[in-house]
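Since the structure comes first, as structure tokens, the remarks are kept for the end.
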Amino acid sequence: MVTERLFLSFRHVTYTLRGGFLVRPLIIALTLGLTGALLSALEETVPALNTVAPTVLFPSHADPQVAQVILAAIAASMMTVVSIVFAVLLMTLTLASMQFSPRIIVSFARDRVTQQTLGIFLGTFSYCVAALPAARSIPRPFAPTLTVLGAMLLALACVAWLLFFIHHISQAISVNHIVEKIASETEVIIDEVMPERRRPERMPRVAIPEPSEGEAGVVSDVSGYVRFVDLRRLVLLARSYGLSVRIARRVGQFVPAGVSLLTVSRPERLSPARSAELRGAFDIGPTRTLQQDVEFGILQIVDIALRAISPAVNDPSTAINCVDQLSRILIRFASREEPEGLLYDPPGTLRVAMMWPSLDRLLDAAFDQIRLYAQSDVAVSLRLLRALDDIASTIADPAARRHLAERGTRIVAGCAVRLDEHELGDLRLRLASLQRRAGRAELTEAPV
């Protein structure tokens, strides 16, 4: 159990390392600061290292004032540059959250280039400050020339990195770049949660059994969103306690404190300590994340699309790009085996039951709101139909294809309320193509 708890804590720390402005910049800053302190101390211990520095830069290797001036100037300039970088970053986050969606701030916070930029500038400052005390005149003059040379090289690297950062941030604020990055990150989560390719022939999923009267709930002690569930740990706990666990709030859902997070059979076997162990398999936080939540990646793109086709913005090109990326995510999801909702240990003994989002649910989350907002926009509606057709072309299940054709019918029916008959021609043609792919060419046209 200790190993599983450590695994969950390690995963949380790893995700924080990837997704914030604290851990990675702090590690880089501390590493460079420690390097400056150790290198200056090593120079004092081994005086022969001073000869490595070229005499062109340091004619007198014994003048501590030159070292002090250079280190102090670099440290002061680095803090000025850090202030500029923070200002640019905050302005970028503000503009992106206002123009696209507040949810995409998570994507900016996970940007490695931004994290490394802050870390390198703060690290150069820490390097100079840590090396500065070594340059002294009493009790005997000492100038850490090799350390100063390292500071000068770091300063030149910071100049080049600043130019690269400005170039990167100008691209990062592009809506196409933002949407593509969210889609790529969502595909990575799909690959992690659903590693197996979909089999051509597979047994139908067994429905999760309804809760029985004898089950008792384990309430959450904190309020927040379920961000990660350690199913392996839950199975081990349920087996060791002789329980069957039903997860009441799946990944991505909000659970208030005092509401059941999961229910268990044989509640007489529960104790406060065991309930705490079961709750420890859940990572609950104030915001949704992409640790296991595929739907959250889709919702971020949907937010951008809805804002793009709103009357205040009126940017159908951005909405079309969002629909393209949504189809990419759903095709990847449809090509994978859905996660197993019923976990047994030993075989035949149900230990954990958890509901995962299905393809239909993700299709609802991806296209329903856009469909309603785009009823008067032919271009976006056409791209929705093409996305459904692309998804249908990758699915062999006839029932799933019929459901996609039904969604296409609803798109055309909604547009028929807002558009004239002559504007519906292309929509009907694309719908007919989708219906033929679904084997439903005999369907009647969408109502006018």
Side-chain angles (χ1 to χ4, degrees), residues 17-18 20-93 108-137 141-173 177:
L17 176 66
R18 295 166 52 197
F21 293 139
L22 175 62
V23 180
R24 182 174 279 116
L26 182 61
I27 291 176
I28 296 175
L30 291 178
T31 301
L32 288 178
L34 185 62
T35 301
L38 292 178
L39 187 56
S40 59
L42 184 61
E43 276 194 79
E44 190 171 4
T45 305
V46 185
L49 292 176
N50 282 340
T51 59
V52 177
T55 56
V56 175
L57 297 176
F58 305 101
S60 175
H61 286 192
D63 188 357
Q65 292 184 351
V66 175
Q68 291 173 349
V69 169
I70 293 176
L71 292 173
I74 294 175
S77 62
M78 284 302 107
M79 291 310 297
T80 302
V81 175
V82 167
S83 301
I84 296 174
V85 170
F86 269 109
V88 171
L89 180 60
L90 292 176
M91 180 186 67
T92 302
L93 293 176
F108 276 94
R110 290 166 56 87
D111 185 57
R112 287 192 174 186
V113 173
T114 303
Q115 296 175 4
Q116 291 167 356
T117 300
L118 296 176
I120 289 173
F121 287 127
L122 291 175
T124 303
F125 171 79
S126 302
Y127 179 96
C128 296
V129 171
L132 193 56
R136 57 185 181 273
S137 301
F142 175 70
T145 54
L146 184 60
T147 306
V148 174
L149 179 60
M152 296 173 68
L153 294 176
L154 281 175
L156 292 176
C158 287
V159 172
W161 196 272
L162 179 61
L163 297 176
F164 171 69
F165 172 73
I166 294 173
H167 168 74
H168 171 78
I169 209 68
S170 64
Q171 290 185 325
I173 202 173
H177 176 85

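Predicted, not measured: the structure shown is a model, and the values here were computed from it.
Scanning all heavy atoms of the two residues, the minimum distance from P64 to F142 falls at CB-O, 3.4 Å. In terms of heavy atoms, P25 sits closest to Q115 at CG-O, 3.5 Å.
One distance of note links CG of L122 with CZ of F86; it measures 6.0 Å at 0.5 Å rounding. Taken to the nearest 0.5 Å, the CG atom of L146 stands 5.0 Å off from the CG atom of L39. Once rounded to the nearest 0.5 Å, the distance linking CG of D111 with CD1 of I169 reads 6.5 Å. Of the inter-residue distances, the one linking R24 atom CZ with L26 atom CG reads 12.5 Å to the nearest 0.5 angstrom.
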Test L162 against I84 for side chain to side chain contact (heavy atoms under 4.5 Å, CB included), laying out the working first. CA-CA 10 Å; L162 179 61; I84 296 174; 5.7 Å; no
Take T117 and H168, measure what side chain to side chain contact (heavy atoms under 4.5 Å, CB included) needs, and give me the verdict at the end. CA-CA 11 Å; T117 300; H168 171 78; over 6 Å; no
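Side-chain contact between T145 and E43 is present, with at least one heavy-atom pair separated by less than 4.5 Å. For the pair V85/F165, a side-chain contact is recorded, criterion being any heavy-atom separation below 4.5 Å from C-beta on.
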Side-chain donor-acceptor distances from residues 29-37 under 3.5 Å, at least two apart:
from, atom 1, to, atom 2, distance (Å)
T31, OG1, I27, O, 2.7
T35, OG1, T31, O, 2.7

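Heavy-atom neighbours of E44 CD from other residues, nucleotides or ligands within 6.0 Å: above the threshold of 12.
Residues passing the ring pair (Phe, Tyr, Trp, His ring centres under 6.0 Å) test with F164, sequence neighbours excluded: W161. L71 is linked by a side chain to side chain contact (heavy atoms under 4.5 Å, CB included) to C128, A131, L132, V148, A151, counting only residues two or more places apart in sequence or in another chain.
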